[in-house]
Amino acid sequence: MQFVSCTYELHATAILNIFNEAIANSTALYDYKPRTLEVMQEWFRVKQAGAFPVIGLIDENGQLMGFASYGTFRVWAAYKYTVEHAIYIHQDHRGKGLGKILLNQLIDCATEQQLHVMIGGIDIANHASIALHEKLGFKHSGTIQQAAFKFGRWLDLGFYQLILPTPLLPLDG
């Protein structure tokens, strides 16, 4: 197993498959319709434009087992030190500790980029993801009840945040 920096050319299809499985079968993504390669191309463009990492773990055969990234939390300038992250693991590799490896790597990336707050929006029924985040120091910072409707029921969205010791010299403007 090794880390890779994911690119559209090499990993878009694998990431798309992981996204679409999560859309179809879970509440990890509050979305209804499968994504397309065109959507993935824009997703990668936005990540590159914002200098946001897209990291993956590949197995010995070069297959993507999971990926993680972060991006803009809110578009206003004063939020420039805050990012919202996401981690997705291929269905065949869940429960093997890959999420912890990827989240630790994202925390390292955010620290290197002098960010201050990482936020994870997690379906409140996703106990495994909540436990992972809490194990790595994330604190529950609020829940939006009935934030979404999927699979015939209302879903509550919990927010978990980690405050980083960076940046050393934050600036306005």
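In this text the structure is predicted, and so the values were computed from the model without any measurement.
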Can you confirm whether the side chains of Q113 and Y70 place a donor and an acceptor under 3.5 Å from each other? yes
Evaluate the side-chain contact (heavy atoms from CB on, under 4.5 Å) criterion for residues K33 and I23: first the C-alpha distance (whole Å), next the side-chain angles of each, then the deciding distance (0.1 Å), finally the verdict. CA-CA 7 Å; K33 295 180 182 178; I23 290 168; over 6 Å; no
Nearest heavy-atom approach of K150 to L29 is NZ-O, 2.8 Å
Taking all atoms of both residues into account, what is the closest heavy-atom pair of D123 and I130, and its distance? O-CD1, 4.1 Å
Of the options F159, F73, F138, which is the one that meets H85 in a ring-ring contact (aromatic ring centres under 6.0 Å, His included)? F138
With heavy-atom distances below 4.5 Å as the criterion, would you say the side chains of L16 and L37 are in contact? yes
Pairs satisfying salt bridge (charged side-chain N to carboxylate O under 4.0 Å, His left out), at least one member in residues 56-68, at least two apart: none
Check A86 against L106 and note the closest heavy-atom contact, atom names and distance. O-CD1, 4.2 Å
Aromatic centroids of Y8 and W43 separated by under 6.0 Å: no
Approximate separation, where rounding is to 0.5 Å, of Q161 CD and H133 NE2: 12.0 Å
Please examine the side chains of R45 and E42, heavy atoms only from C-beta on, and report whether any two atoms are closer than 4.5 Å. yes
Please report the closest heavy-atom contact between F3 and I55, naming both atoms and the distance. CE2-CD1, 4.5 Å
Close side-chain approach of D92 to Q63, heavy-atom, < 4.5 Å: no
Please say yes or no: joined through hydrophobic side-chain contacts below 4.5 Å, possibly via intermediate residues, are V83 and W76 part of one cluster? no
Linking I/L/V/M/F/W/Y whenever their side-chain heavy atoms sit closer than 4.5 Å, directly or via other members, would L103 and I101 fall into one cluster? yes
Heavy-atom count around D172 CG within 6.0 Å, excluding the residue itself: above 12? no
Using only atom types and a distance under 3.5 Å, with no angle test, would you say the side chain of S26 pairs donor to acceptor with the backbone of A28? yes
Is the distance between the ring centroids of F52 and F44 under 6.0 Å? no
Count the heavy atoms of every other residue, nucleotide or ligand shown that sit under 6.0 Å from CD of Q114, and state whether that count exceeds 12. yes
Taking all atoms of both residues into account, what is the closest heavy-atom pair of G66 and L102, and its distance? C-CD1, 3.8 Å
Among the clusters formed by ILVMFWY side chains lying less than 4.5 Å apart, do V54 and M40 turn up in the same one? yes
L164 and M118, any side-chain heavy atoms less than 4.5 Å apart: yes
Could you state the interatomic distance from CG (L115) to CD1 (I163), rounded to the nearest 0.5 Å? 13.5 Å
Check whether more than 12 heavy atoms from other residues, nucleotides or ligands sit under 6.0 Å from atom NZ of K139, and answer yes or no. no
Does some side-chain heavy atom of P167 sit less than 4.5 Å from a side-chain heavy atom of H116? yes
Tell me, do F149 and Y32 make a side-chain contact under 4.5 Å, heavy atoms counted? yes
First locate atom OG1 of T7, then atom NZ of K47, and finally report the distance between them rounded to the nearest 0.5 Å. 15.0 Å
Side chain to side chain donor-acceptor pair (under 3.5 Å) involving T143 - partner list, sequence neighbours excluded: H140
Say you draw a straight line from CG of N25 to CD of Q91; how long is it, rounded to the nearest 0.5 Å? 7.0 Å
Going only through I, L, V, M, F, W and Y residues with side-chain contacts under 4.5 Å, is there a path from L132 to M65? yes
Rounded to the nearest 0.5 Å, how far does CG of L10 lie from OG1 of T13? 10.0 Å
Distance, nearest 0.5 Å, that separates CG of D156 from CD1 of I122: 13.5 Å
Looking at E134 and K100, is any side-chain nitrogen of the basic one under 4.0 Å from a carboxylate oxygen of the acidic one? no
Side chains of I87 and I89 in contact at under 4.5 Å (non-hydrogen atoms): yes
Heavy atoms, side chains only, cut-off 4.5 Å: are L57 and Q105 in contact? no
Testing the basics here: between V117 and I119, what is the closest heavy-atom pair and its distance to 0.1 Å? CG1-CG1, 3.8 Å
Linking I/L/V/M/F/W/Y whenever any side-chain heavy atoms sit under 4.5 Å apart, do Y81 and L162 land together? no
